[in-house]
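Here's the structure, in structure tokens; my notes come after.
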Number of protein chains: 4
Amino acid sequence: MEDVQNHRDSRNVALDHAGVSDLRYPIIVLDRGHQVQHTVANVSMSVGLPEEFKGTHMSRFIEVLNEHRGELTMRTLPALLHDLRRRLHAKTARVEIVFPYFLERAAPVSGATALMDYECSFVGESVNGTDDFVLGVKVPVTSLCPCSKAISDYGAHNQRGYITIQTRGVMQPEGSNSFVWIEELVGIAEGAASAPVYPLLKRPDERFVTMQAYDRPVFVEDMVREVALSLQRDPRVAWFHVRAVNQESIHNHSAFAQIAWTRGIPTVLTDAAITTSAGEVVA
Amino acid sequence: MEDVQNHRDSRNVALDHAGVSDLRYPIIVLDRGHQVQHTVANVSMSVGLPEEFKGTHMSRFIEVLNEHRGELTMRTLPALLHDLRRRLHAKTARVEIVFPYFLERAAPVSGATALMDYECSFVGESVNGTDDFVLGVKVPVTSLCPCSKAISDYGAHNQRGYITIQTRGVMQPEGSNSFVWIEELVGIAEGAASAPVYPLLKRPDERFVTMQAYDRPVFVEDMVREVALSLQRDPRVAWFHVRAVNQESIHNHSAFAQIAWTRGIPTVLTDAAITTSAGEVVA
Amino acid sequence: MEDVQNHRDSRNVALDHAGVSDLRYPIIVLDRGHQVQHTVANVSMSVGLPEEFKGTHMSRFIEVLNEHRGELTMRTLPALLHDLRRRLHAKTARVEIVFPYFLERAAPVSGATALMDYECSFVGESVNGTDDFVLGVKVPVTSLCPCSKAISDYGAHNQRGYITIQTRGVMQPEGSNSFVWIEELVGIAEGAASAPVYPLLKRPDERFVTMQAYDRPVFVEDMVREVALSLQRDPRVAWFHVRAVNQESIHNHSAFAQIAWTRGIPTVLTDAAITTSAGEVVA
Amino acid sequence: MEDVQNHRDSRNVALDHAGVSDLRYPIIVLDRGHQVQHTVANVSMSVGLPEEFKGTHMSRFIEVLNEHRGELTMRTLPALLHDLRRRLHAKTARVEIVFPYFLERAAPVSGATALMDYECSFVGESVNGTDDFVLGVKVPVTSLCPCSKAISDYGAHNQRGYITIQTRGVMQPEGSNSFVWIEELVGIAEGAASAPVYPLLKRPDERFVTMQAYDRPVFVEDMVREVALSLQRDPRVAWFHVRAVNQESIHNHSAFAQIAWTRGIPTVLTDAAITTSAGEVVA
């Protein structure tokens with residue numbers, strides 16, 4: 001049976017990426033306490049296509065992902081990228097994974113617990129034997145407007161906001177990244193906001209977060225700056241991208257602020273934007 | 001050339017709807033001051049398919065819509081439905097249109113103006129010569145939580161909410177519906193909320209709406225009830241469906257309340273749900 | 001601490017629904033082989049609010065869901081609804097759950113296997129002690145146009161389509177519904193299409209499904225009719241709603257067909273539409 | 001009244017962007033025949049925030065946009081960026097606009113016409129007096145699989161695909177970009193596909209495009225390469241990004257290919273990704 005993809009191509013155009021996207025797959029991730037967590041990911045996988053080949057073999061991406069479905073984490077991504085390169089005879093490979101991650105959160109006064117979802121992402125790229133990874137997390141928070149508080153006799157408009165952090169760890173001697181945990185990034189984001197967002201709040205908790213937010217007014221600009229300062233102080237972080245978006249309660253549009261920063265350490269992966277069209281864009 | 005759609009079907013299954021959906025088209029609507037407004041709609045059009053025909057002729061829906069693109073309003077929908085029935089030899093026809101509608105809004109203190117978008121919808125159905133129409137509008141508002149205000153020493157969580165109203169007018173002797181204007185529904189929704197949402201607010205305006213919201217705390221339940229009372233008092237309204245959703249600022253999920261009501265006047269159209277998959281569901 | 005929700009309301013407007021929506025939660029469902037499957041759901045839960053109460057207690061919905069997170073299936077929904085009614089002192093309760101469900105599918109020639117996602121939904125409502133349930137599944141398929149095949153010398157346009165089936169089972173003497181399995185509905189939908197859609201196809205498989213689709217051309221109307229006939233013949237089915245949508249490969253809009261049918265058995269739940277705004281509408 | 005945004009910030013963190021996003025606004029664009037076209041845009045506007053200021057003045061973005069709403073095109077973007085920089089006392093400004101653009105298309109045999117929508121985007125950035133612009137268009141096409149055709153006795157799977165092209169023009173002596181028209185990019189994309197996609201096809205047209213697609217099978221890789229070759233040959237193009245995505249008719253996921261290319265001319269704008277979260281990502 002003819003292998004059309006394997007035909008010789010004479011147009012002299014090498015492609016940055018050829019692969020599959022918008023693929024939903026169940027995956028297992030590890031949380032900080034090394035517990036297994038089952039979730040469902042939106043996956044994009046691609047390889048660089050040399051100019052001499054007409055096409056890539058799309059079915060092999062699914063085969064490789066299926067073989068890896070036992071576990072998919074920042075620690076296992078290098079093996080997945082390696083397998084993609086080997087099976088598709090490619091010099092470069094890229095994987096983007098977006099998934100909801102759940103943490104049990106206790107309300108601040110009553111201690112009542114329930115699960116809270118955080119949209120997370122892994123982006124990994126392997127280029128000529130060097131790998132690079134970016135971890136992302138989108139943290140919902142409460143933000144209360146400093147301007148509204150300052151100019152009003154009482155009250156202050158507040159709203160749900162989302163702080164999206166993407167970080168790249170410093171490369172370790174043994175080849176791994178010194179990445180920060182999702183749980184740490186959640187904490188950093190919440191520490192930069194007026195108040196955390198919880199899945200379950202009883203009345204004493206609602207009283208607590210209402211006053212906490214009023215006591216800690218922040219603009220989107222403040223949230224981004226506070227996260228940036230925290231990450232710059234962390235020697236494990238080689239690069240980050242932070243974006244805060246407020247679903248303004250007094251408007252039908254959003255306010256946002258954004259920063260990218262690098263410690264000056266050379267990297268392989270230059271574009272950390274998530275392009276899986278079915279998932280929301282993380283950065 | 002063979003007309004496969006026209007083939008006789010022997011399965012004895014008549015279909016409620018066969019047609020096109022997820023169609024984007026520029027349309028012209030009229031606002032209350034009879035000014036022309038250009039906007040872009042997501043359109044679904046269908047006809048009932050008798051059991052004896054294999055298929056409907058999908059291209060004719062586009063032809064009919066294209067001929068009507070000069071104007072598409074509650075007043076011209078009957079002609080569109082009539083044309084669909086005639087061109088497709090059908091006893092029933094249905095049209096669903098979702099579109100952003102813009103109103104110039106003045107800030108409450110400074111009077112500064114800009115345009116504000118409201119997602120609106122028309123649903124029309126024609127069954128054996130009787131037509132029925134539903135007008136829908138989704139109004140963004142500010143809601144401030146009465147519980148949070150009552151139990152806290154200061155502040156109160158608030159957020160952007162959306163009140164979606166769908167109404168069916170009382171049938172008039174001349175065959176038209178006595179519908180309510182989009183502008184009136186916007187006013188009813190805003191009157192039921194803690195404060196309206198504006199496109200442009202200068203600092204004196206922000207101070208005004210901050211305190212206005214603190215002075216008028218409402219639950220989603222309150223917003224739905226206030227809208228319901230307003231519409232029940234309006235003799236032009238034969239039926240309504242109201243849904244309020246709050247993008248809770250202290251949670252990562254929404255709170256909602258909902259009511260359907262009828263004045264007891266028989267209607268043709270029993271399902272007012274919008275099913276155009278590209279647009280958001282209005283009710 | 002004041003309980004504002006518990007205040008007496010004098011407006012005399014009872015609400016159909018008051019609750020939470022757009023909530024993401026990890027759940028466990030059972031597949032036909034009684035294996036446990038972990039997935040992530042978008043959840044909406046509500047109760048009817050009597051006219052005398054100002055508001056419902058939203059946090060209790062999360063508490064009830066959290067207690068049930070060990071398993072959430074058509075068999076455990078009655079207990080969830082019962083708990084909601086009891087904890088919220090309500091006469092009616094409603095739950096809508098949308099989740100991706102995965103089945104291992106073998107390619108038709110090579111037998112190569114991988115997981116395939118199907119968007120499923122449970123809708124349950126409890127009214128005065130009587131419960132009612134609707135199961136939904138959205139099945140991706142290949143459809144090849146009979147008209148295009150008939151009028152062309154070679155080739156025929158084809159595309160991905162989605163057949164969404166919602167069914168209500170006949171009530172059993174012991175109080176449970178005689179529902180059909182998700183796996184059965186997937187089979188019924190695929191049997192009505194030109195060819196199934198697979199997660200992983202090697203070249204001999206691609207050859208097989210290409211020719212299978214060309215040999216079985218169907219309109220959206222045909223797919224809906226074939227599914228309707230299968231379900232009408234099944235004595236377990238009391239009611240169904242079927243919608244087929246084709247992502248037309250020759251247009252930038254969709255073609256669709258739709259039917260609702262009842263065996264004439266009285267039901268509690270009159271509206272099976274999914275309204276969780278974060279999920280796609282199932283019907 | 002206190003101007004909190006104007007407070008001095010001591011954290012020494014300058015922000016890349018601070019502004020508004022997810023704003024829907026009616027705009028007027030010009031088509032190639034210099035006709036006026038009314039459409040509705042999703043808009044994001046931001047400025048760089050120096051380290052010494054606490055916040056930017058969000059309301060001014062709306063004021064500037066509102067003043068420009070008479071016309072918003074590649075030719076008027078420089079004035080909009082200039083006004084943003086001036087009114088917000090900023091050294092850099094960025095605008096992202098995504099909008100549906102309609103072209104009247106004639107069917108290939110019958111000549112029947114209707115309007116077809118193309119999602120387009122403008123991204124503009126002004127840095128220290130130098131401006132840079134990227135034009136984007138997402139073109140729906142039909143793609144027919146060369147592998148499926150080659151290995152099957154008859155038929156071939158095909159589907160709707162989207163080719164997204166972003167281009168930056170060569171800077172002209174007078175300071176403007178030598179950009180390519182949307183209409184030209186649509187033509188380049190359709191020429192790289194198996195067949196164009198039309199809004200309205202009568203049966204003779206459907207026969208024509210069915211056979212045209214069968215005669216011109218292409219992979220996503222082929223579509224990207226053909227577009228790349230066309231753009232590289234065009235001296236007006238300084239940079240491009242091309243992505244093709246197929247809604248595979250035999251799978252529930254997509255296949256994609258992608259390339260970025262530069263003629264080596266230095267540019268200001270380094271990131272052309274669209275980040276307006278309400279709109280789909282163009283590249």
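Residue numbers start from 1 in every chain, and the chains themselves are labelled A, B, ... in the order their sequence lines are given, proteins ahead of strands.
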So which residues of residues 146-155 of chain D are in contact with chain A at a heavy-atom cut-off of under 4.5 Å? P146(D), C147(D), A150(D), I151(D)
Of all heavy-atom pairs linking D16(D) and A260(A), the shortest is OD2-N, 2.8 Å
Residues that H89(A) engages under side-chain hydrogen bond (donor to acceptor under 3.5 Å, both in side chains), provided they are two or more places apart: none
Please classify the contact between F61(A) and chain D as side chain, backbone, both or neither, with a heavy-atom cut-off of under 4.5 Å. neither
Could you check if a side-chain atom of I259(D) sits within less than 4.5 angstrom of a side-chain atom of H17(A), using non-hydrogen atoms only? no
Between S21(A) and R243(D), is any pair of side-chain heavy atoms under 4.5 Å apart? yes
Which portion of A14(A) sits near chain D, non-hydrogen atoms under 4.5 angstrom: backbone
Shortest non-hydrogen pair, F256(D) vs V20(A), comes out as CE2-O, 3.5 Å
Please classify the contact of N252(A) with chain D as side chain, backbone, both or neither, using a heavy-atom distance under 4.5 Å. backbone
What part of A255(A) gets closer than 4.5 Å to chain D, counting heavy atoms only: side chain, backbone, both or neither? both
For the candidates L23(A), N12(A), L15(A), which exhibits the highest count of non-hydrogen atom pairs separated by less than 4.5 Å from chain D? L15(A)
Side chain, backbone, both or neither: which part of N246(A) has an atom under 4.5 Å from a heavy atom of chain D? neither
Heavy-atom distance under 4.5 Å to chain D: side chain of L229(A), backbone, both or neither? side chain
Side chains of V224(D) and V13(A): does their closest heavy-atom pair fall under 4.5 Å? no
Report the distance from atom NE2 of H253(D) to atom CG of L65(A), rounding to the nearest 0.5 Å. 10.0 Å
Within the distance-only criterion (no hydrogens, no angle test), does the side chain of E221(D) pair as donor or acceptor with the backbone N or O of T56(A) below 3.5 angstrom? yes
With a 4.5 Å limit on heavy-atom distance, are the side chains of R11(A) and E226(D) in contact? yes
Closer than 3.5 angstrom, by distance alone: can the side chain of R225(A) be matched with the main-chain N or O of K54(D) as a donor-acceptor pair? yes
If you tally heavy-atom pairs under 4.5 Å between each of M58(A), Q5(A), E2(A) and chain D, the highest tally belongs to Q5(A)
Is it the backbone or the side chain of V220(A) that comes under 4.5 Å from a heavy atom of chain D, or both, or neither? side chain
